[in-house]
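Everything below concerns the one structure shown next.
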Amino acid sequence: MEQQPAPLTRHLRVRQDRGHTVLEFRGEIDIAAAAEIGPYLDGVTARPEVRLVIDLRPVDFFDCSGLRLLYRARTRILDHDGELRLVCTHPLTLRILRVTGLAKLLPPHPTLDAALGQPEATSGSL
């Protein structure tokens, strides 16, 4: 299994789990955090058939910059025949996902185990 070094950012942790790359977003996900996370996320989502989980549980604040990251990752994953799963439990972040409709396209799971345990079907369709 290929192991990539984690990027040096306070907003992102990276690990491998059950054949998936897990990106754990941390802290406040705003425009500054998106600028740090974006290039790494683009690199991961450019790979064909990547299996990616984005874990938002350690996120304290999430704005439209975070939504853009998720939507861009979803689009790129689908373009490369990959899988994207989302873990989120924060009530305000869940509300943002629901209000914007992103929760229908990328259904959030309450735990990493739940996200990794789901069948191979991935992101919802438009």
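- Atom-to-atom distance recorded for K104:NZ and R98:CZ is 11.5 Å, nearest 0.5 angstrom.
- Between the CZ atom in F61 and the NE2 atom in H90 there is a gap of 10.5 Å [rounded to 0.5 Å].
- Evaluation of the side-chain hydrogen bond (donor to acceptor under 3.5 Å, both in side chains) rule for D63 yields S65 as partners, not counting sequence neighbours.
- Between P39 and E36, the shortest heavy-atom distance links the atoms CD-O, 3.7 Å.
- Once rounded to the nearest 0.5 Å, the distance linking CG of L52 with NE2 of H20 reads 8.5 Å.
- Every residue two or more places apart in sequence or in another chain that forms a salt bridge (charged side-chain N to carboxylate O under 4.0 Å, His left out) with R57 is listed here: D55.
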Could you go through the side chain to side chain contact (heavy atoms under 4.5 Å, CB included) check for Q16 and V22 one step at a time? CA-CA 6 Å; Q16 297 295 316; V22 179; over 6 Å; no

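- Screening residues 19-30 for salt bridge (Lys or Arg N to Asp or Glu O under 4.0 Å) gives R15-E24, E24-R26 as the qualifying pairs, with residues at least two apart or on separate chains.
- Between the side chain of R85 and the backbone N or O of A115, at least one donor-acceptor pair lies under 3.5 Å.
- Both Y71 and F25 sit in one connected hydrophobic cluster of ILVMFWY residues. Membership requires side-chain heavy atoms under 4.5 Å apart, directly or through other members.
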Y40 vs V14, side chain to side chain contact (heavy atoms under 4.5 Å, CB included): CA-CA, chis, key distance, verdict: CA-CA 10 Å; Y40 188 80; V14 181; 3.5 Å; yes

Check the pair I29, I37 against side chain to side chain contact (heavy atoms under 4.5 Å, CB included), reporting the backbone distance first and the verdict last. CA-CA 9 Å; I29 305 303; I37 294 169; 3.9 Å; yes

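- For L86, the side-chain contact (heavy atoms from CB on, under 4.5 Å) test picks out I54, L56, L70, L97, L106, P108, with sequence neighbours left out.
- To the nearest 0.5 Å, atoms CG (L67) and OG1 (T93) are separated by 9.0 Å.
- One hydrophobic cluster, built from ILVMFWY side chains closer than 4.5 Å, cannot hold both L69 and I31; they sit in different ones.
- Rounded to the nearest 0.5 angstrom, D79 CG and T45 OG1 are separated by 9.5 Å.
- Taking the side-chain hydrogen bond (donor to acceptor under 3.5 Å, both in side chains) definition, one finds that R72 meets it with D42, sequence neighbours left out.
- The distance from the CG atom of L84 to the CZ atom of R74 is 8.5 Å, given to the nearest 0.5 Å.
- Considering every non-hydrogen atom in both L112 and V53, the closest pair reads CD1-CG1, 3.7 Å.
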